[in-house]
Undergrad: 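One structure coming up, written as C-alpha cells, with questions to follow.
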Amino acid sequence: MKFLVCISKTPDTTTKIGFVEGNTRFDTDKVQYIMNPYDEWYALVRAMELKESGGGSVTVVNVGPASNDAIIRKALAIGADDAVRINADDSDSFFVASQIAAYAKDNAFDVILAGKETIDYNGSEVPSMIAELLDMPFVSYASSLEMAGNEATIARDIEGGKEVVAVQTPFVVSAAKGMAEQRIPNMRGIMMAKKKPLQVIEPVGVTTSTKISSYALPPAKSDVRMVDPENMDELVQLLHNEAKVI
Amino acid sequence: MSVLVFAESPGGKLKKSAFEAVTYGKKVADALGTDLVALTCGPAENAGVLGKYGAAKVLNAADGLSSFDSQCFAAAIAQAAEQSGANVVVLSHNSYGKSLAGRVAVKLSASCVSGVTSVPSTDGGFMVKKNVFSGKAVAEYDLQASNKVLSVMPNTFPPEETGAEVAVETISVNLPAARITVKEVKTVEGSVPLPEAELVVSAGRGLKGPENWGMVEELAGLIGAATACSRPVADVGWRPHHEHVGQTGVAIRPNLYIAIGISGAIQHLAGVNSSKTIVVINKDPEAPFFKAADYGIVGDAFDVVPRLIESMKTFKAGQN
Ligand SMILES: Cc1cc2nc3c(=O)[nH]c(=O)nc-3n(C[C@H](O)[C@H](O)[C@H](O)COP(=O)(O)OP(=O)(O)OC[C@H]3O[C@@H](n4cnc5c(N)ncnc54)[C@H](O)[C@@H]3O)c2cc1C
Ligand SMILES: Nc1ncnc2c1ncn2[C@@H]1O[C@H](COP(=O)(O)O)[C@@H](O)[C@H]1O
C-alpha cells in the first residue's frame, strides 16, 4: 500500500492571537508553530501502523514555504519514508488541494490521509477537494481505519453516533480522534529523518478566489457574575430571566 | 439567480440542521434579492414543510441516494444548482456538509467558506464571517468567484417559520456509481446529539470517577441537555469518546454550557468558547474557566450540583 499523508502547519493552540496591518494580516511574530494535531497524531500514525503491519510506504506532503521544513522533518522522525514540499504559500483551500491533487495524480497512491481540519482556519475543505479533483471516494472524520487487502473499513463520527463504511482503494480519508495514538519521535528517528529524502517541487498554476479581508477579536466577555453556592434558586432564575436559556 | 440549500434527511427524516440551513439560506436569498430553493436527497418525509422556513421551491433527488456517499450527493447538489440557476449553495457545517462543501465547490468552480456565522454582506463584494483559531478570532472572507458554497455553523441561526408549505418537485440527476457502502449506522437512541444540543452539561476530572456522573446525567435529563466531558475524562474511559469537547474533540456552541469540575484549559475552551451562556462550577476560585464564564459558582460540585438539581426541579414543577 502506498500512503500519502497531507500535513499542515498551524500555530500552537496556546498562541496569543493578534493582527497587524489594520487587522488584515495575522501577526506571525513570536508564533510557535506545530504540525496540525489531527495530521500528526492520527493520520500520520495510522498510516505508519498500516505500513508496519501490511507493508508499503508512507509519503508526507505539505504545501508551504521552506520554513515548514522543520515540521516536515518531524513527520519523517515519527517515521514517514519520504517527503514532498510544494513550494508555495497556502493561499486558499482550493489552491492547496489542487497542488496535492496534481502531485498525487502522477504517483498512484492507494490511500490519501489528511486531518479532519486545521486548528487555525478550521476549514475541513482541503481533503474533500482533493477527493473531487482526483475523482476518488472520500470519508470524513474517520475515527478508525482498518485495511484488508484493497478494502478499508472505516468508522466515522456523525452527529450523536458513528457510521461504519466500506470502500476500496484508492480513496481519501480525513482523520479524527480515535484513529491512532500520538507517537513521540525518538532520538533514532530524529537522526534518521535528517537523511530521508525531502523533495521540493514547484506549484502548478491555480487561480484562488477566496481571501480573508479582515480579522477581529471576538467581542469581550462581560465580567463573570458570581452566584452564592448556597443559593442555586438564584442561578436558575438568572438562567431563566436574564440569560433566557432555560 | 437563486440560492440552493441542501437539507439533509438521514433515515428519511429532516434534521434540525436542515431547518437551520434553510432559515439561513432564506436570509442569504433575501440579502441577494432572490429566491430560495431547497434540495433533499434520498427519502425525505414531509419535505414540503421546508417551505415554511423560507424555501420557495423544494426539490427531491431520490434515486441512488438512500445512503450517504459524498461523490453521489455532491453530484446531485451541483446538478440541482445548475438546473435551478443557483450561484450560491448552502450546506450545514456538520458531518454531511464537511464531506460535501469542498467537493461541490470544485464541481461549481466556486469560492468556498465553511463554518459561516454571518449573513453575507453584499456591498462591495460578497463577505461572510467565521470563527478562526478555534474561536479566538473572527475572520471576514471575501468570496470572489461568481459561484459560492457556504456551510453554516450549527446552532447559529435558529429555525424561523416565515412562509407556507410547498409541493415537492422530483428532479432527475446523473449520478456516478456509489463507491462507499454504508454498513452500519449507530446512533445513541433517545439522547440529544452533542453537536446539535442547545443545552449541555459537562464535567471534568474534578468529579473524581465515573461513578459520580449520575448527578451530571440527572441534571442534563431534567433540562433536556446533552452530556459532555473534558479530554482526560474520555481518555481514561470514564465517559465515551464522543462526549469529549475541545480542540481535539467536538466543537460546540450551545445556548447554555454548564462546566462542572473542569479547569478551563485553553484546549478545552477552544471547543466551547462560542457557547452563548457559560456556567462554571469549580471549588478553586482561581480556576481559569471563571474568566470565560458568564455565571460562576465557587464550591464543591458534590454539594452544589445536588442543590442545583433540587432548584431546577422546583423551577420545572412551577412551569408546568
Ligand atoms: C494539544 C492538546 C490538546 C488538548 N485538547 C483538549 C481537548 O480537546 N479538550 C479538553 O478538555 N482538554 C484538552 N487538552 C487537555 C487540557 O490541556 C487539560 O489538561 C484538560 O482540559 C483538563 O481537564 P479537566 O479540567 O477535566 O481536569 P483538571 O485540569 O484536572 O481540572 C479539574 C478541575 O476540577 C476542579 N475540582 C476538583 N474537585 C472539585 C470538586 N469537588 N468540585 C468542583 N470542582 C472541583 C479543580 O479545581 C480543577 O479546576 C489538550 C491538551 C493538549 C496539550
Ligand atoms: N498546506 C497544506 N499542506 C498539506 N496539507 C494540508 C495543507 N493544508 C491543509 N492540509 C490538509 O488538509 C486537512 C484539512 O485542512 P483544512 O481543510 O484547511 O481544514 C489538514 O488536516 C491537512 O491534512
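So that the names make sense, note that chain A is the first sequence line, chain B the second, and so on, each numbered from 1.
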Undergrad: Side chain from CB out, backbone as N, CA, C, O: work out which of these in A/Leu235 comes under 4.5 Å of a heavy atom of chain B, or both, or neither.
TA: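 Contact with chain B: side chain only.
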Undergrad: Return yes if some donor-acceptor pair links the side-chain N/O of A/Lys211 with the main-chain N/O of B/Gln144 below 3.5 Å, else return no.
TA: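 Side chain of A/Lys211 to backbone of B/Gln144, a donor-acceptor pair under 3.5 Å: no, none is there.
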Undergrad: Would you mind telling me which of A/Gly161, A/Ser98, A/Ser174, A/Pro127 has the largest number of heavy-atom pairs within less than 4.5 Å of chain B?
TA: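 Counting heavy-atom pairs under 4.5 Å, the top option is A/Gly161.
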Undergrad: I'd like to verify something: which residue of A/Val167, A/Leu217, A/Asp233 has the highest number of heavy-atom pairs under 4.5 Å with chain B?
TA: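 The option with the most such pairs is A/Asp233.
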Undergrad: Select one option (side chain, backbone, both, neither) describing which atoms of A/Thr153 are under 4.5 Å from chain B's heavy atoms.
TA: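 Only the side chain of A/Thr153 comes within 4.5 Å of chain B.
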Undergrad: Against chain B, work out which of A/Glu125, A/Glu234, A/Glu163 has the most heavy-atom pairs shorter than 4.5 Å and name it.
TA: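 Of A/Glu125, A/Glu234, A/Glu163, A/Glu125 has the most heavy-atom pairs under 4.5 Å with chain B.
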Undergrad: Considering only heavy atoms, which portion of A/Ile130 lies under 4.5 Å from any heavy atom of chain B: side chain, backbone, both, or neither?
TA: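 For A/Ile130, no heavy atom lies under 4.5 Å from chain B.
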Undergrad: For A/Thr13, is there any backbone N or O sitting under 3.5 Å from a side-chain donor or acceptor partner on B/Gln247?
TA: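 Side chain of B/Gln247 to backbone of A/Thr13, a donor-acceptor pair under 3.5 Å: no, none is there.
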Undergrad: Can you say whether A/Asn231 sits under 4.5 Å from chain B via the side chain, the backbone, both, or neither, judging by heavy atoms?
TA: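 Neither; nothing under 4.5 Å.
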Undergrad: Measuring heavy-atom distances to chain B, does A/Phe171 have an atom under 4.5 Å in its side chain, in its backbone, in both, or in neither?
TA: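 Nothing of A/Phe171, per the 4.5 Å heavy-atom cut-off to chain B.
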Undergrad: If you apply the rule salt bridge (charged side-chain N to carboxylate O under 4.0 Å, His left out), what do you find for A/Asp120 with B/Lys136, and how did you get there?
TA: CA-CA 9 Å; A/Asp120 49 5; B/Lys136 286 194 275 181; over 6 Å; no
Undergrad: Measure B/Ala145 against the heavy atoms of chain A and call it side chain, backbone, both or neither at under 4.5 Å.
TA: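 Contact with chain A: backbone and side chain both.
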Undergrad: Where does B/Gln319 contact chain A at under 4.5 Å (heavy atoms): side chain, backbone, both or neither?
TA: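 Contact with chain A: side chain only.
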Undergrad: For B/Ser114, is it the side chain, the backbone, both, or neither that has a heavy atom closer than 4.5 Å to a heavy atom of chain A?
TA: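 Both backbone and side chain of B/Ser114 come within 4.5 Å of chain A.
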Undergrad: Can you confirm whether the side chains of A/Glu242 and B/Tyr295 place a donor and an acceptor under 3.5 Å from each other?
TA: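 Note: A/Glu242 and B/Tyr295 side chains meet the donor-acceptor criterion.
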